[in-house]
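Down below is the structure, laid out as structure tokens.
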Amino acid sequence: MKTMRNLTILFLSLLTVIKLSGQDDLQFKFDSIIQEANTLYNYEKAAWNASDLLKEGLKAGVEIGGYVAYHKNDTVIVVYSDINQVMSIAKFRFLNSNLTEPFEMNFDAEVLNDAEYEFFSMKQKILNSIIYGEYEISIPEGYNPNFILIKGQDEYRFYIIMGATKAGVIPFGNDYLFTTDNDGNIMENRKFHTNIIPTFSKYEDLGTVTSAMHSHIKSTPYITATDICTFRLYAHFTDLVEFKVYSTALGITMKYDLEKNKIELVE
């Protein structure tokens with residue numbers, strides 16, 4: 001009997017270790033999603049605010065060829081180029097802690113530095129590959145695409161997320177990721193959601209809600225960095241403070257809390 005009791009205790013202990021290990025793995029995954037979402041948000045939020053400032057400071061007659069955003073340590077840099085993408089025509093530097101007001105602006109024309117030229121070239125190359133390649137990209141009416149390029153250690157990650165033109169909506173869904181090698185050749189592509197998922201905080205039959213929920217297909221088992229970036233960009237135009245995702249692949253529900261900037265498992 002004593003041996004059986006010891007075996008039972010050992011079995012229960014093993015179950016506890018397995019459960020804790022699974023929770024640690026899940027938390028590690030959540031933390032990595034938040035890290036990528038922070039980068040996406042910082043780039044796109046800085047680009048939004050730089051765009052507003054660009055209209056005020058750009059010299060008359062100057063044509064814009066595009067923009068890139070990248071970071072150095074705790075600074076996000078947004079650069080606008082001329083039509084030939086050779087010269088910088090405007091540059092904004094934001095701290096991660098203040099993405100509203102840049103601590104430095106420069107509207108003097110100057111040659112793009114090597115890093116900036118590489119970003120512009122890579123962004124254009126990947127975009128051309130998507131446009132002229134066999135990739136199914138759809139842009140629903142009333143929405144516009146935003147392109148975000150992130151440089152990794154051994155790859156580039158090119159995201160497409162939706163921007164909304166209608167007030168009070170969070171444009172979840174219809175988001176894509178293209179992963180390339182260091183030369184910009186597409187190695188992998190993913191579509192996280194099958195469709196656009198417009199989400200509101202005000203409904204005629206429900207009134208005002210502060211939490212929203214959608215489900216993910218099996219190929220997208222977790223809340224995505226694009227989910228979180230989109231929510232952070234648009235949530236302050238609504239009353240929403242959190243959103244939940246049900247994973248059909250894992251059979252779990254996850255919650256993103258805006259104030260905490262954290263993913264939590266819903267029991």
Side-chain angles (χ1 to χ4, degrees), residues 36-37 39-55 57-59 61-72 75-94 99 102 105-140 143-163 165 171 174-192 224-226 229-230 233:
E36 185 79 345
T39 303
L40 281 172
Y41 173 77
N42 288 352
Y43 284 17
E44 193 62 11
K45 185 66 173 179
W48 275 21
N49 290 319
S51 176
D52 292 336
L53 294 166
L54 183 72
K55 297 171 187 175
L58 193 63
K59 295 171 183 175
V62 176
E63 291 186 271
I64 301 170
Y67 78 90
V68 295
Y70 65 101
H71 73 277
K72 278 187 178 181
T75 300
V76 178
I77 302 137
V78 182
V79 184
Y80 286 85
S81 77
D82 68 342
I83 197 68
N84 297 313
Q85 297 192 344
V86 173
M87 304 290 292
S88 164
I89 57 174
K91 188 179 296 187
F92 306 86
R93 297 179 186 273
F94 298 83
L99 297 167
M105 292 188 292
N106 183 5
F107 291 96
D108 295 329
E110 55 186 34
V111 177
L112 295 172
N113 64 38
D114 291 344
E116 292 162 355
Y117 184 78
E118 179 185 335
F119 261 85
F120 274 103
S121 300
M122 201 60 61
K123 187 175 183 180
Q124 193 60 55
K125 180 177 181 177
I126 297 169
L127 193 53
N128 287 342
S129 296
I130 295 169
I131 292 171
Y132 299 110
E134 296 180 359
Y135 301 102
E136 295 184 5
I137 303 294
S138 60
I139 309 300
Y143 299 89
N144 50 66
N146 295 310
F147 308 118
I148 309 171
L149 180 64
I150 299 174
K151 181 177 173 61
Q153 271 193 318
D154 300 306
E155 83 288 333
Y156 285 90
R157 300 186 297 281
F158 185 88
Y159 287 90
I160 304 176
I161 64 173
M162 292 299 103
T165 56
N174 202 54
D175 42 356
Y176 308 81
L177 168 61
F178 293 83
T179 304
T180 80
D181 60 21
N182 277 329
D183 295 319
N185 302 306
I186 296 173
M187 301 184 297
E188 182 183 358
N189 68 289
R190 294 184 62 190
K191 184 176 182 179
F192 296 114
T224 64
T226 52
C229 173
T230 299
L233 287 169

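We number each residue from 1, following the sequence as shown.
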The ring pair (Phe, Tyr, Trp, His ring centres under 6.0 Å) partners of Y70 (sequence neighbours excluded) come to F119
Q.
If you count heavy atoms of other groups shown closer than 6.0 angstrom to CD of E110, is the number above 12?
A. yes
What do you reckon, is CG of D108 surrounded by more than 12 foreign heavy atoms closer than 6.0 Å? yes
Is there a side chain to side chain contact (heavy atoms under 4.5 Å, CB included) between I137 and F178 once you walk through the steps? CA-CA 12 Å; I137 303 294; F178 293 83; 3.8 Å; yes
Q | Test item: E155 side-chain N/O and D181 main-chain N/O as donor-acceptor pair under 3.5 Å | A | no
Here the pair of heavy atoms bringing V78 nearest to A47 is CG2-N, 3.9 Å
Is any side-chain heavy atom of K151 closer than 4.5 Å to one of M122? no
Can you check whether S138 reaches N174 side chain to side chain, under 4.5 Å on heavy atoms?
yes
Next item on the list: Start with the C-alpha distance between L58 and I89, add both sets of side-chain angles, then the distance that settles side chain to side chain contact (heavy atoms under 4.5 Å, CB included), and finish with yes or no.
Entry: CA-CA 8 Å; L58 193 63; I89 57 174; 4.0 Å; yes
_Are P102 and L53 packed together at the side-chain level, in the sense that at least one heavy-atom pair is separated by less than 4.5 angstrom?_
yes
Point to revise | Minimum side-chain heavy-atom gap K191-L177 below 4.5 Å | key: no
Query raised in the report: Could R190 and E188 be called an ion pair, given the rule that one side-chain N must be under 4.0 Å from one carboxylate O?
Result: no
Ring pair (Phe, Tyr, Trp, His ring centres under 6.0 Å) filter on F158, not counting sequence neighbours, yields F147
On a heavy-atom basis, the closest approach of Y159 and I150 is CE1-CD1, 4.0 Å
Hits for ring pair (Phe, Tyr, Trp, His ring centres under 6.0 Å) against Y80, two or more places apart or cross-chain, chain-then-number order -> Y67
Rounding to 0.5 Å, atoms CG (D183) and OH (Y156) come to a distance of 9.0 Å
Between I139 and N144, the two heavy atoms sitting closest are CG2-CA, 4.3 Å
Rounded to the nearest 0.5 Å, the OG atom of S88 sits from the CG atom of N113 at a distance of 8.5 Å
Minimal heavy-atom distance between F120 and V68, with the atoms involved, is CE1-CG2, 3.6 Å
Taking C-beta and beyond as the side chain, do P171 and T230 meet within less than 4.5 Å on heavy atoms? yes
* Go through the side-chain N and O atoms of Y176 and E136 and say whether any donor and acceptor fall under 3.5 Å apart. => no
Check: So, do L149 and I126 sit near enough that their side-chain heavy atoms are less than 4.5 Å apart?
Finding: yes
Nearest heavy-atom contact between A37 and C229 is O-CB, 4.3 Å
For M162 and P140, the nearest pair of non-hydrogen atoms, with its separation, is SD-CD, 4.0 Å
_side chain to side chain contact (heavy atoms under 4.5 Å, CB included) assessment of D52 paired with K55_ = CA-CA 6 Å; D52 292 336; K55 297 171 187 175; 4.2 Å; yes
Exercise for review: Would you confirm whether S121, through its side chain, and Y117, through its main-chain N or O, come within 3.5 Å as a donor-acceptor pair?
Suggested key: yes
When rounded to the nearest 0.5 Å, the distance separating CG of L127 from CD of Q124 is 5.5 Å
Take L112 and V86 through the side chain to side chain contact (heavy atoms under 4.5 Å, CB included) test and state the conclusion after the steps. CA-CA 6 Å; L112 295 172; V86 173; 5.6 Å; no
Taken to the nearest 0.5 Å, the spacing of D82 CG from E63 CD works out to 9.5 Å
Q.
Does the plane of the ring in F92 sit parallel, tilted or perpendicular to the ring in F107? Use 30° and 60° as the thresholds.
A. perpendicular
Taken to the nearest 0.5 Å, the spacing of I148 CD1 from N42 CG works out to 10.5 Å
The reported gap from OG1 in T226 to CD1 in I160 (rounded to nearest 0.5 angstrom) is 11.5 Å
> With a 4.5 Å heavy-atom cut-off, do L99 and V76 have their side chains touching?
Replying inline: yes
Exercise for review: Report yes if the side chains of N146 and E44 come closer than 4.5 Å at any heavy-atom pair, otherwise no.
Suggested key: yes
